[in-house]
Number of protein chains: 2
Amino acid sequence: MFQQVGDGRARGRTDAAGGAGDENSFLGHGLPDNIEYVGKYIVTRRFDYVKKNIVIPCARWRNLGAMRVSDLKETAAGKEKPLKYVLLAGIYNEPRSGYELTKWLQMVGQHCWSVEHSSVYPALRELEKDELIQSERLPGTRGPDRSIYSMTAAGLDKLRAWVANGSPRPAIKDEQILRVLCFDLLPRDTALQQIREVRADHQVQLEFFLARQAMLTERQLGPLLVARRGVLAEQAYIAWCDEVADMIARRPA
Amino acid sequence: MFQQVGDGRARGRTDAAGGAGDENSFLGHGLPDNIEYVGKYIVTRRFDYVKKNIVIPCARWRNLGAMRVSDLKETAAGKEKPLKYVLLAGIYNEPRSGYELTKWLQMVGQHCWSVEHSSVYPALRELEKDELIQSERLPGTRGPDRSIYSMTAAGLDKLRAWVANGSPRPAIKDEQILRVLCFDLLPRDTALQQIREVRADHQVQLEFFLARQAMLTERQLGPLLVARRGVLAEQAYIAWCDEVADMIARRPA
DNA sequence: TTCACCATGTAAGGGGTTACATGATTGC
DNA sequence: GCAATCATGTAACCCCTTACATGGTGAA
């Protein structure tokens, strides 16, 4: 019940602290409350090994190391990769084909989770294999037939559990901000023109989200709020572009 | 000069259209203007193979296929992975160690390019090997010595060329927006509490960027504008959270 | 003495993109 | 008939995260 790590370097204790009576004690220390996924016992030697799903407060365990954090992984049960939940969310709002999900993510989902079609189709097949979604073959309005996916009861439960959880912070990769960081490397006019082009691109995005917002009512609260996020995010980006342009324009060179 | 693809399925022409006189013609068609990186000749059979760096307008080339788009890759010369430019940008603004760059990206660069330290150190070594940066060993103020990296002339040129280019659109992964999309799966109070927690987290971020903005002047225009982006982005996120909370609160269930 | 932080590294693996592939249908 | 879009798929590979690793310093 207490697995020894087989790398020959383990120097810690390997005896079990187990037994029914001391389920909450480990080598004399009480287990901290904020441990979320615990199989039976925890030993780790570094605070920074332990993030996000499993939190252990500090190096109190430092010299006890024999078991690895990764041994706990299996206890974080039923965790799917994020894309699967993204697809479940898309299907929940409206039964969709793989093609439609891809388009939806690339248009509407621009600002939350954009992926290529080559990731979507395999993920859908896995979801169907796990019976979280089901498919129906329908003739295409134009073009070939497509498989329309819809939720199952199990899928709905899974999605609900995911929605109830907290999110990690948004992960953003935006090279443009870093280019602006180095704008003093460029002649003023080059910089100005670049930021104008960026602004124009976000203006197009903004208009898309505004149009989408206008199509929706409070009856479709979820999609409306997602569109609102698009509007607010693009407006903020455009406002920033304007500030950048102003500041650059006032610059001497 | 016109490479035949060796998969046995190539059915196209393999004769060169080359020669000094017809540099801009190919099999009777003029090359479109919007091709950015062209080695010598292009044949492709799908529009959607061709993205971002190389743009070919349509299936006009469809039945000419013999060469693959990937054969063009080497012509997009000197392209490094984005992280390297990110690090160059960080070092350009101020000589920094790997540890400092990691911290900088995780704090200041939250909203543009956050990475773990295990990606940073190898990338720095590659940059140094290519002589785009140089390092100096300095005693740590507290803790062990560290390698402080600074730009070389070659690195500065490389960075300037990158800054002058356009950026791809920001890539964002934000699960929270998709959770909101499905908020009607949750009891109203659960949803409200979740969005309040998210708001609080972004409030903390906002205050960080406000403090940083207050530290900077127009003398350090780049860093100031990056901080401004943080402020505007977080304000927009908080405004969205408030709208979400309002809408959810007015909801019946 | 413990805790938190400083500072740097390697190995494995995951999740995603890119390139490659096919072929039907509608619109100009 | 060319162009664009609909619709789905596979294989290779890349970048980054996660986990694992070491060890010094300063504050309570």
Side-chain angles (χ1 to χ4, degrees), chain A residues 5 7 9-10 44-54 57-63 65 67-73 80-84 86 97-103 113-125 137-148 168 171 173, chain B residues 5 7 9 29 44-54 57-63 65 68-73 80-84 97-103 113-125 137-148 168 171 173:
Chain A
V5 171
D7 68 353
R9 260 194 280 173
T44 185
R45 303 193 297 119
R46 279 288 180 284
F47 174 68
D48 60 329
Y49 291 174
V50 184
K51 308 165 77 162
K52 288 161 193 168
N53 290 319
I54 304 164
C58 64
R60 212 163 81 193
W61 320 95
R62 191 164 198 166
N63 296 309
M67 192 177 182
R68 292 186 182 162
V69 173
S70 47
D71 295 329
L72 290 170
K73 256 192 162 175
E80 311 278 358
K81 55 179 156 183
L83 175 57
K84 287 201 193 178
V86 171
S97 68
Y99 188 81
E100 286 167 329
L101 283 164
T102 306
K103 288 286 159 196
W113 205 282
S114 190
V115 282
E116 299 298 319
H117 72 271
S118 54
S119 310
V120 169
Y121 292 109
L124 285 172
R125 255 176 286 136
R137 197 82 190 160
L138 288 182
T141 46
R142 68 179 153 181
D145 294 358
R146 60 250 160 85
S147 298
I148 305 290
K173 307 258 145 153
Chain B
V5 172
D7 67 353
R9 260 194 279 171
H29 304 285
T44 186
R45 304 195 298 119
R46 279 289 180 283
F47 174 69
D48 62 327
Y49 291 176
V50 184
K51 309 165 76 164
K52 288 163 192 164
N53 290 319
I54 305 162
C58 64
R60 211 162 84 192
W61 320 94
R62 190 164 199 168
N63 295 309
R68 291 186 183 162
V69 173
S70 48
D71 295 329
L72 290 171
K73 255 192 163 172
E80 310 277 358
K81 57 179 156 183
L83 175 57
K84 288 203 192 176
S97 69
Y99 188 81
E100 287 167 329
L101 283 164
T102 306
K103 288 286 159 197
W113 205 283
S114 191
V115 282
E116 300 297 320
H117 73 270
S118 55
S119 310
V120 169
Y121 293 108
L124 285 173
R125 255 175 287 136
R137 198 83 190 160
L138 288 182
T141 46
R142 71 179 151 179
D145 294 359
R146 59 250 162 82
S147 298
I148 305 289
K173 306 258 146 153

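Computed over heavy atoms, backbone and side chain alike; hydrogens, waters and symmetry mates excluded. A, B, ... follow the sequence lines: proteins, then strands. Residue 1 opens every chain. The model shown is predicted, which means the values in this text are computed figures rather than measured ones.
Between B/R125 and B/K173, the one whose closest nucleotide on DNA chain C sits nearer the 5' end is B/R125.
Close to C/dT17, at under 4.0 Å from its OP1 or OP2, lies a side-chain N or O of A/S119. Here B/Y121 does not reach the OP1 or OP2 of C/dG9: none of its side-chain N or O atoms lies under 4.0 Å away. Distances shown here put every side-chain N or O of B/Y99 at or beyond 4.0 Å from the OP1 or OP2 atom of C/dT8.
Atom NZ of A/K103 and atom C1' of D/dT5 are 8 Å apart (whole Å). As a whole-Å value, the separation of B/D145 CG from C/dG9 C1' is 16 Å. Rounded to a whole Å, the NE2 atom of A/H117 is 12 Å from the C1' atom of D/dC6. If you take CG of A/L138 and P of D/dT8, they are 11 Å apart, rounded to a whole angstrom. Following rounding to the nearest Å, A/R146 (CZ) and C/dA24 (P) show an atom-to-atom distance of 18 Å. What separates CG of A/L101 from C1' of D/dC6 is a distance of 15 Å, to the nearest Å. Atom CZ in B/R137 sits roughly 14 Å away from atom P in D/dG24 (whole-Å rounding). As rounded to whole Å, 8 Å separates atom P of C/dT17 from atom CG of A/L83.
The nearest pair of heavy atoms linking B/K173 to A/S114 is NZ-O, 3.6 Å. Across all non-hydrogen atoms, the minimal contact from B/P122 to B/S119 is CD-O, 3.6 Å. Counting all heavy atoms, side chain and backbone alike, B/D145 lies closest to B/R137 at O-NH2, 3.6 Å.
The closest side-chain heavy-atom distance from A/V86 to A/V115 is not below 4.5 Å.
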Under 3.5 Å, which N/O atoms of the protein pair with N/O atoms of nucleotides 11-13 of chain C?
none

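With values rounded to the nearest 0.5 angstrom, A/L138 atom CG is found 6.0 Å from A/R146 atom CZ.
Residue contacts shown for B/V120 are absent, as no nucleic acid heavy atom lies under 4.0 Å away. Residue A/S114 is classed as a sugar-phosphate contact, given heavy-atom separations below 4.0 Å to backbone atoms only.
Proximity of a side-chain donor or acceptor of B/Y99 to a complementary backbone N or O of B/S147 within less than 3.5 Å is not detected.
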Could you walk me through whether A/W113 and A/L83 pass side chain to side chain contact (heavy atoms under 4.5 Å, CB included), step by step?
CA-CA 8 Å; A/W113 205 282; A/L83 175 57; 4.1 Å; yes
